[in-house]
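Note on naming: letters A, B, ... go to the chains in the order of the sequence lines (proteins, then strands), and numbering restarts at 1 for each one.
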Amino acid sequence: MRLHEYQAKGVFAEAGIPTPASELARTVDEAVEAAEEIGYPVAIKAQVHVGGRGKAGGIKLVDDAEEAREAAEDIIGMDLKGYDVETVLVEEAVDFTNELYVGVTMDRGEGRPVAMVSKRGGVNIEEVAEEEPEAIAREHIDPAFGMHPFQARKVVYDAGIDGAVAGEVASILTTLYEMWDERDGSDIEINPLMVTEDDDVIAADAVFNVDGDALFRQPELAEMEEKAADNELEAKAQEYGFEGSNYVQLDGNVGIIGNGAGLVMGTLDLVDYYGGSPANFLDIGGGAKAERVANALDLVFSDEDVDSVVFNIFGGITRGDEVANGINEALDEFDEIPVPVIVRLAGTNAEEGMEILNTDLVQVESTLEDAVQAAVDAAEEVKA
Amino acid sequence: MRLHEYQAKGVFAEAGIPTPASELARTVDEAVEAAEEIGYPVAIKAQVHVGGRGKAGGIKLVDDAEEAREAAEDIIGMDLKGYDVETVLVEEAVDFTNELYVGVTMDRGEGRPVAMVSKRGGVNIEEVAEEEPEAIAREHIDPAFGMHPFQARKVVYDAGIDGAVAGEVASILTTLYEMWDERDGSDIEINPLMVTEDDDVIAADAVFNVDGDALFRQPELAEMEEKAADNELEAKAQEYGFEGSNYVQLDGNVGIIGNGAGLVMGTLDLVDYYGGSPANFLDIGGGAKAERVANALDLVFSDEDVDSVVFNIFGGITRGDEVANGINEALDEFDEIPVPVIVRLAGTNAEEGMEILNTDLVQVESTLEDAVQAAVDAAEEVKA
Amino acid sequence: MSVLVDDDTRVVVQGITGGEGKFHTEQMLDYGTNVVAGAVPGKGGQEVAGVPVYDTVTQAAREEDADASVVFVPPAFAGDALFEALDAPLDLVVAITEGIPTQDMSRVYRRLQETDTHLIGPNCPGIITPGEAKLGILPGNIFSSGNVGLISRSGTLTYQIVDNLTNRGLGQSTAVGIGGDPIIGTDFIDALSLFEADDDTDAVVMCGEIGGEDEEEAAAYIGEHMDTPVAGFIAGRTAPPGKRMGHAGAIVSGSGTGTAESKISALEAAGVPVGDTPEEVADSVEDLL
Amino acid sequence: MSVLVDDDTRVVVQGITGGEGKFHTEQMLDYGTNVVAGAVPGKGGQEVAGVPVYDTVTQAAREEDADASVVFVPPAFAGDALFEALDAPLDLVVAITEGIPTQDMSRVYRRLQETDTHLIGPNCPGIITPGEAKLGILPGNIFSSGNVGLISRSGTLTYQIVDNLTNRGLGQSTAVGIGGDPIIGTDFIDALSLFEADDDTDAVVMCGEIGGEDEEEAAAYIGEHMDTPVAGFIAGRTAPPGKRMGHAGAIVSGSGTGTAESKISALEAAGVPVGDTPEEVADSVEDLL
């Protein structure tokens, strides 16, 4: 779960990390008013979950009310890489002499957190990591002990941070780690951490990604999770209880439903292998209760790009005949099946199951390969 | 540093551990008033740092105002094992069906904390530990991770605590450990933890010893440290900066001053070995600045039991001649040296030092054995 | 022979009184697994499916001489349950629970390194030695006894591949679902080394997916240390960067690590044939045997 | 030969810019100790007594190839300084600081068990190999080179015993003050085993005091594992229970553990002569050699 910049900065400021003066605005008038209050120059920044907002025109620096109005008019309501911009952050523009990077993330290979500091702030840190890895100092944290004070100093000095601000940067990194630890962060970073002429440091941007699996114990952050999802289909998926990563919309036209993440991914790959293009990833999990199957079908049917659907269920503990009954019940709820649905059952009692399925409504295939091939063919036919 | 029972219970109650209703009283009238308010029966408990208060008459259970007044009159102002009782805790008497023990302490041999639970509460737990060690369940805590919830349950179930209260006892133990951890406890215990007929549990007594070395980061607890020491000499020692364990009053008549805990302990032992009886332990630490030496002598002279003093300094980095000059300066501050003082210098430039010492005021001996023997002899002469 | 579990494995079910715990205890018993105890705080003295329940894992292990556990404890308490299992100590812990906070797993993983316990999972279907014992939620009936070892980050995809193998008469020595989380106990290399040392495993199928670099590291390990032939499958070739695919660990990072291409080419470089479809994997195994 | 320190030991002083740190750095240099760096956060680039100062121990160790440190950092920050030294990692860390909170030391001790570092102290005078190097605050001039190893929980009492030895011409191979705190790094057994393995140590003096059970455990170790003869001294025979005697660790507990009697009888049972006075200890050493 990723917080918006303004939310992350709110959390940072609460923890005592210096952030620029800022206000949130939802209309052009609000934005101009905020700019006047803060005093020019200010930055007007789109609040959407998109990287590279600046390059895409989502961040503008303005020097007076007229420019502020123009920029706000441009940004509010714009489509930024597929996302509608509804809110902007109007923020004091800070004069800086240096831009640093500090961050804390989980190193999954090591199974432990890592703190990172670099003098190469203000640019895409993943590019720095690839092109010049030695420009980022790293310090792994022992999750049993947490970050020792010396580790914050060590990684800051190792990064070559100037002595005049090293202590302050180490202190900000310590706060960052504590936030990460106490609030179940997955990635937290400040990029850039600006250094001013007076050797003050200030968090000019803020990333705060939270472990979605830990939201149950982070009620304050859970509340920040936007009720409005990034688009209508994802909103519908949430409503149907296909939370988080169980539904992912893609660009193609073959809808895919299955049980189990690996099997669904494998089905996506097979669609691609047979020349089709997956429209989505949808894992309905264990079992095949009629209501859940119906919701899944309704969700995929709602995607206008979908021209056919492959429904791939491996019955394990749940027997194939039970699954087939569930699917039949679910299908009964639809007045009409809008696009061809190809069902393939496997595993325990799969053959019995396939005999039970209502072939007036769906096409039944007995192997994965045949089912996917059929779905790809059906989608091509619709297109043609 | 040991908190008084009422202070410890205040800290426990703040942390959410159930404690009986109670009030502090400094006069008989206050005690009776408190008893009336709480409702009989109440216990009236002397607030001094003494074990076995009950047996020594420092705790009385009363059923009405008359008894309360009598008990308060008996206890307030009494001498309890050498301590003046100035304060009593008037406390609701709890009806119980069972008395348990829970505690957390540092196991120095293991270098890690240990949580302890026993069904044998309400008695001297050290005796239980000796006579029936298996009656106390123990669980060592990994100081890197802290106490896992399962460990609290494990030690409670291992102790054979009844299932009806096991969850509540585990929860109290968890709170106890957290207090121990966050507030730098050295030993924290509840003995007895009373179980009522309704399976409520309540802390009927409370021990909270704090690591004196950690008081710098426990300001709230440091404030509770009684300014008034347990007796006049210890108060004077504190005033002179011989804090904590650097001055310990003993029962004998040979005063002992030296530098370094081990050397002073060794000197005490030698006094005993030569048939004398040590009056105190006093470690003045490194060096021998005149003021510190003068304070040390004044402190030991203030002990009316002292009949002679042995002053044993091993000059290491500090040279013997410097030490001798410091001692001479210090001796000059006394109009009269009230009891014989035998000085022994050793180590770097010891011989030069012994020549410098003012033998009009002190007797000088060149070996530890001779010095101690002389002090023991001098003390015997005074007694005789 | 087999890997990690067999007829003699004595199993505690942590969370046996919950819905899933109870159901799968019955399934495991039906399969012949030696489930000897359950552990649930406050439920000591009860019975579930004829199995005695204890308040703590330590008690269960002590009283019933258990050496393994299967964990069905809900995510909020699962980290603690794993610490409890490591403390008992048990030789093998199989964590079925999905959705354990990553920081909890990071601490468990730290502790795990100091112990001799094998942790499988979390967020995994479990482990099965066909005909002997299963620990977890795997459907026993699709497996058959044989000489192919199987390691997979996924559940149903594993079943799919097992089905393909079993249909051709290629039975399994042991199949282990190592789980789809970013931090797991037993990883590919651990599992591969166990199969390499197992006399009754003549080929191994390794079923990976996008996210992390475990498959790449496993490929290097196979190249350097394995005599037993390995066939591979990688799910998620079509997953876009930055989107999680169901499993918390199945994500191609923004910086481009964790892609299917990287994993496939690493495996192929180590001489591991990587099938495009589950059927092709079964083909490879037939070739390798 | 000697134990733990010699001519080649390359020393970082942690807290070199403080009063004590500076004074004893000069003293160590005067004695011939190879002090190659200081480490104090924010003071990198300075010099103290001609020794370069770095911001971190890691930098100091890397730039000056140091393998040991002496810690003069104040109690509130000393725990962190010890973790830093363990992390560097150094082979030997000598913690002079008195008054480190016990819980901080408990955590350091936990970490220490996972490393190969020898920690001496805290609350100790340090370690000296006469004529080669001293790390700490011991007065170098009272020591003389020889074949007697010395281990002690106390400072000035050690000097007293060394004085008695030196006055009789009994020189020392290495003398180590292990410290008077309840939780210390190198304990009697660790130090005894080092002397047992040292070819140039022909007898060991072990100087204990009340509190804890280290001396009792050391006695058992001596009985079972030591060929090198050991003489003993125990301070605190006259200490009453429940009162600390200066050292945080020197206390006879209410339940009666940690008494001098218990320690003396354990040592005597292991064949270790325990002197009633420092002179008697020197007598014993003469007898043993």
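- Ring centers of B/Y157 and C/Y54: at least 6.0 Å apart, outside the cut-off.
- Classification of B/K154 and C/D87 as a salt-bridged pair holds, one side-chain N sitting under 4.0 Å from a carboxylate O.
- Counting heavy-atom neighbours within 6.0 Å of C/Q113 CD, excluding the residue itself, gives a total above 12.
- Annotation: side chain of C/R62 is in contact with side chain of B/D158 (closest heavy-atom distance under 4.5 Å).
- Looking only at side-chain heavy atoms (C-beta outward), C/F83 and B/Q151 stay at 4.5 Å or farther from each other.
- Between the NE2 atom in B/H148 and the CZ atom in C/R107 there is a gap of 10.0 Å [rounded to 0.5 Å].
- C/D55 CG to B/F150 CZ: the interatomic distance, rounded to the nearest 0.5 Å, is 14.5 Å.
- No more than 12 heavy atoms of other residues, nucleotides or ligands shown are found within 6.0 angstrom of CZ on C/F77.
- The side-chain heavy atoms of C/V57 and B/R153, taken from C-beta on, include no pair separated by under 4.5 Å.
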